[in-house]
There are 2 protein chains.
Amino acid sequence: MADRGRPRSFDRNAALTRAMELFWTKGYEGASISDLTVAMGIGSPSLYAAFGSKEALFREAIELYGRTEGPQIWDAVENAPDARSAVAGFLTATAHSFSRPGKPRGCMVVLSQLNTTEASASVCAALRENRAQGQSGLEARLRQAVAAGELPASVDVGAVAAFYLTVQQGMSIQARDGASEDKLLSVAKGAMAAWEPLTGP
Amino acid sequence: MADRGRPRSFDRNAALTRAMELFWTKGYEGASISDLTVAMGIGSPSLYAAFGSKEALFREAIELYGRTEGPQIWDAVENAPDARSAVAGFLTATAHSFSRPGKPRGCMVVLSQLNTTEASASVCAALRENRAQGQSGLEARLRQAVAAGELPASVDVGAVAAFYLTVQQGMSIQARDGASEDKLLSVAKGAMAAWEPLTGP
DNA sequence: TGCTTTCTGTATCGAACGACACAGAAATGG
DNA sequence: CCATTTCTGTGTCGTTCGATACAGAAAGCA
């Protein structure tokens, strides 16, 4: 009963992927509807019929980004055998992810809308919430290590997570400024040099 | 011969300061001419007569930012008695500067235009150049310490500078997301925990 | 007091913005 | 084949963008 009428002439998922790449490159406000329709290969009425609005399209794009790009970083955190290799994997996977040839550099969640304007307030809030999940994810992995007796209970889990998340967010700026994967890996190595002092008894 | 004609009815420096604060808060593309004229308390013809264009106004605002906000961070680097306190001062001054009540949070050079669009390409390039000067500044201070025999010659000066600059740039994101000065200081402390491993022989 | 020069306020320019009306095209169900 | 439903392409809506034309106001110089 839902497949009546003229069928959609484009691949919705493919179009969403193109939109994600454009938002990733130009940001939320930087990517115009005209830019998007060209990149997606459709007319604006098709865009609005399929996605509702620019903001709704962006939210779907962010969701797709988290589903496709997120695991490359977060699988390493969850599956690592110990907390140190979890954080090290987090940063090395980030270095790799932020510098892949043919893909926009840096993290879409960090870069696509940092300045809150009247029109982008809700989008900014959603991105901020998304970034806060990064803090929670790292914290959870560290708490797990404390519970397992792997790290001393005296470790300030929130502070350690905030430090490594801050480094990762800084890597988005570095990546946008052209830093190579090697340079990003060097930054990750620098951050891991703080591990023993930060987590020691 | 230049003071003929009707005199300007507003304080150019005061208006520029207001423009800087608005660009700092909303970004280059996020601050419209209409926003700017309201904040500066002048009409748009006065803005164009006094500053030339939106981009020229922004460049003056960035220059003012570097002249007024920069020293709070960089004086600590240049005047510190040793390299470690130079970098520690760099980060603690950053934590303070990025969380001052009544001022926009984070660094204007990092936050005001990260997504390159057709209209903002030259502004983005200028900001990137400005960020690169941060790398050079830190590197120079570290090289000076190596030359003085304070740090071993084996230290990878560029890598250490890149690490600390990356942390500082990440602190801009954290500050925009609402991190308190204490939280930023905690991040700075975390980064300094890497100092001895990074600069040891 | 003119005359020149420069700035201010109103009003507006063409372009681009996000969003959509409308008519025709392309599918299914009867 | 026809009616119904849904999508596509053209064209355009009202708004806002950055940037100015123009006329009048306010100063110095003669």
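Heavy-atom distances under 4.0 Å link DNA chain D to A:Pro7, A:Arg8, A:Ser9, A:Phe10 of residues 7-15 of chain A, given in residue order.
Across D:dA25, D:dC29, D:dC7, the shortest atom-to-atom separation from the side chain of A:Arg6 is found for D:dC7.
Taking atom CG of B:Leu36 as the reference point, atom P of D:dA19 lies 11 Å away to the nearest angstrom.
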Using residues 36-44 of chain B as the side-chain source, report each donor-acceptor pair under 3.5 Å to any protein atom, sequence neighbours left out, with the distance given to one decimal.
{"residue": "B:Thr37", "atom": "OG1", "partner": "B:Ile33", "partner atom": "O", "Å": "3.2"}
{"residue": "B:Thr37", "atom": "OG1", "partner": "B:Ser34", "partner atom": "O", "Å": "2.9"}

Using a 3.5 Å cut-off and no angle test, enumerate the donor-acceptor pairs between side-chain atoms of residues 137-158 of chain A and protein atoms at least two apart in sequence or in another chain.
{"residue": "A:Glu139", "atom": "OE1", "partner": "A:Arg143", "partner atom": "NH1", "Å": "3.2"}
{"residue": "A:Glu139", "atom": "OE2", "partner": "A:Gln135", "partner atom": "NE2", "Å": "2.8"}
{"residue": "A:Arg141", "atom": "NE", "partner": "A:Val77", "partner atom": "O", "Å": "3.2"}
{"residue": "A:Arg141", "atom": "NH2", "partner": "A:Ala80", "partner atom": "O", "Å": "3.1"}
{"residue": "A:Glu150", "atom": "OE2", "partner": "A:Ala83", "partner atom": "N", "Å": "2.7"}
{"residue": "A:Asp156", "atom": "OD1", "partner": "A:Gly158", "partner atom": "N", "Å": "3.4"}
{"residue": "A:Asp156", "atom": "OD1", "partner": "A:Ala159", "partner atom": "N", "Å": "3.1"}

Using the 3.5 Å cut-off, write out each protein N or O paired with an N or O of nucleotides 15-22 of chain C and the distance between them.
{"residue": "C:dC17", "atom": "OP1", "partner": "A:Ser32", "partner atom": "OG", "Å": "3.3"}
{"residue": "C:dG18", "atom": "OP1", "partner": "A:Lys54", "partner atom": "NZ", "Å": "2.7"}
{"residue": "C:dG18", "atom": "OP2", "partner": "A:Ile33", "partner atom": "N", "Å": "2.6"}
{"residue": "C:dA19", "atom": "OP2", "partner": "A:Tyr48", "partner atom": "OH", "Å": "2.6"}
{"residue": "C:dA19", "atom": "OP2", "partner": "A:Lys54", "partner atom": "N", "Å": "3.1"}
{"residue": "C:dA19", "atom": "O5'", "partner": "A:Tyr48", "partner atom": "OH", "Å": "3.0"}
{"residue": "C:dC20", "atom": "N4", "partner": "A:Ser44", "partner atom": "OG", "Å": "2.7"}

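With sequence neighbours left out, B:Glu129 forms a salt bridge (charged side-chain N to carboxylate O under 4.0 Å, His left out) with no residue at all. Under the salt bridge (charged side-chain N to carboxylate O under 4.0 Å, His left out) criterion, A:Glu60 pairs with A:Arg12, sequence neighbours left out.
Taking the charged nitrogens against the carboxylate oxygens, B:Arg67 and B:Glu63 do have a contact shorter than 4.0 Å, which makes a salt bridge.
For the pair B:Lys54 and B:Phe23, the cation does not sit on the ring face, since its NZ or CZ is not both under 6.0 Å from the ring centre and inside 45° of the axis.
Within the 4.5 Å cutoff, the side chain of B:Arg128 has heavy atoms near those of the B:Thr116 side chain.
Side-chain atoms of A:Arg176 and B:Gln169 form no donor-acceptor pair, as typed in the model, at a separation below 3.5 Å.
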